[in-house]
Number of protein chains: 2
Amino acid sequence: MAKGKYSVDCFQALSDPNRREILMMLTKEKQNINAIADNFNISRPAVSKHIKVLYDSGFITITTQGRERYCELQQQGFDELKEWISFFETYWTKQLKQLEVFLKTRHAKK
Amino acid sequence: MAKGKYSVDCFQALSDPNRREILMMLTKEKQNINAIADNFNISRPAVSKHIKVLYDSGFITITTQGRERYCELQQQGFDELKEWISFFETYWTKQLKQLEVFLKTRHAKK
DNA sequence: GTAATATGTAACTTTTGAATTACGCAATTT
DNA sequence: AAATTGCGTAATTCAAAAGTTACATATTAC
């Protein structure tokens, strides 16, 4: 498998529900850390750490504007995920072919 | 978002490297618990628990044959993942459109 | 310049999860 | 029927992750 260029792997990043929620929120609009934190019960520093994980796993970019840091979705993290899934796609198509062969054989025997 | 029918969510299941490795192994062939455990340094009971998690999240089916339990990949778990990703696809296409508009506008101004 | 804002980080606590050992039990084997 | 095999599970330990509070710092506002 491809070795990720990120210090945190995408699966670990997505294992936390709050982090997934943050990603969801970022589909609506670019937001700074405090704005994101306002939507959660957990403390601002906790959110800050989640943001770091999402950054370190390629799911978001961060743009500093003065004292604010704006977070935006980034494709890389999602791509790693998709790549992993695609590995299994070959398995399913192979399964499908075996099913076809089986059905054909059964038909022939009839 | 769709509420999963499984007691363990797919992201939690995939967060452990050993569990992902087990899924990889199952692309080669159907295997029983002990056969799977032989490929890991961790104990058999540990593997047994991982198997349970993979089962409870829809990534594998288990077929009991006498005293053996054969594990096989199942699509459901993977589908949940794909569904989650597809939610973000709309975001990316929207981004792409905005880029187009931006480029067109810039061209017009010239 | 002083106050307020936006944030990162360190120290610590709490929670969660992975691993192990020990055991029990049902299906085979001999 | 006794021994072996293929598991599941409970009890426990250990480590990693998530959360909190407290504090430091840079920017902006007044």
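Below, chains carry the letters A, B, ... as their sequence lines are ordered, and counting in each starts from 1. Source: prediction; values computed, not measured. The basis for the numbers below is simple: all heavy atoms, side chains too, and nothing from hydrogens, waters or symmetry mates.
Rounded to an integer number of Å, the gap from A:R44 CZ to C:dA6 P is 10 Å. One interatomic measurement links the two molecules: CD1 of A:I42 to P of C:dT14, which rounds to 18 Å at whole-angstrom precision. Distance CG (A:D38) to C1' (C:dT7): 13 Å, rounded to an integer number of Å. To the nearest angstrom, C1' of C:dT20 lies 17 Å from CZ of B:F40.
Nearest approach of B:L26 to B:C71, heavy atoms of both residues: CD2-O, 3.6 Å.
When the nucleotides C:dG8, C:dT9, C:dA19 are ranked by their closest atom to the side chain of B:A46, C:dA19 comes out on top.
Checked against side-chain hydrogen bond (donor to acceptor under 3.5 Å, both in side chains), A:R69 has no partners two or more places apart in sequence or in another chain. The salt bridge (charged side-chain N to carboxylate O under 4.0 Å, His left out) search around B:K30 returns B:E72, not counting sequence neighbours. Taking the salt bridge (charged side-chain N to carboxylate O under 4.0 Å, His left out) definition, one finds that B:E89 meets it with A:K82, sequence neighbours left out. In terms of the side-chain hydrogen bond (donor to acceptor under 3.5 Å, both in side chains) criterion, residue partners of A:Q74 (sequence neighbours excluded) are, by chain and number, A:Q76. Scored by the ring pair (Phe, Tyr, Trp, His ring centres under 6.0 Å) test, A:F88 finds A:W84, B:F78 as partners (sequence neighbours excluded). When the side chain to side chain contact (heavy atoms under 4.5 Å, CB included) test is applied to B:D9, the partners found at least two apart in sequence or on another chain are A:R20, B:F11, B:Q12.
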Revision key, fill the gap. Protein heavy-atom contacts under 4.0 Å, written 5' to 3' over nucleotides 25-30 of chain C as B (base), S (sugar-phosphate only) or - (none), form the string --BBS-
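Looking at residues 10-18 of chain A, you'll see A:Q12, A:D16, A:N18 sit with a heavy atom under 4.0 Å from some atom of DNA chain D. Only B:K49, listed by number, bring a heavy atom of residues 49-64 of chain B to less than 4.0 angstrom from any atom of DNA chain D.
Side-chain nitrogen and oxygen atoms of B:S43 include none within less than 4.0 Å of the OP1 or OP2 phosphate oxygen of C:dA19.
If you walk DNA chain D from 5' to 3' and mark each nucleotide with an atom closer than 4.0 Å to a heavy atom of chain B, the marks span D:dT4 to D:dA11.
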Without placing hydrogens or testing angles, list every side-chain donor-acceptor pair under 3.5 Å for residues 57-64 of chain B, not counting sequence neighbours.
unit_1	atom_1	unit_2	atom_2	d
B:S57	OG	B:V53	O	2.8
B:S57	OG	B:L54	O	3.2

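Distance check, rounded to the nearest 0.5 Å: NZ of B:K28 to CG of B:L73 gives 11.5 Å. Note that CG of A:L103 is 10.0 Å distant from NE2 of A:H107, once rounded to the nearest 0.5 Å.
Under the 4.5 Å side-chain criterion, counting only non-hydrogen atoms from C-beta, B:I22 is in contact with B:F40.
The salt bridge (charged side-chain N to carboxylate O under 4.0 Å, His left out) pairs that include a residue from residues 48-66 of chain A are A:K52-A:D56, where partners are two or more places apart or lie in different chains.
Counting non-hydrogen atoms of neighbouring residues, nucleotides and ligands closer than 6.0 angstrom, the CG atom of B:N41 reaches no more than 12 such neighbours.
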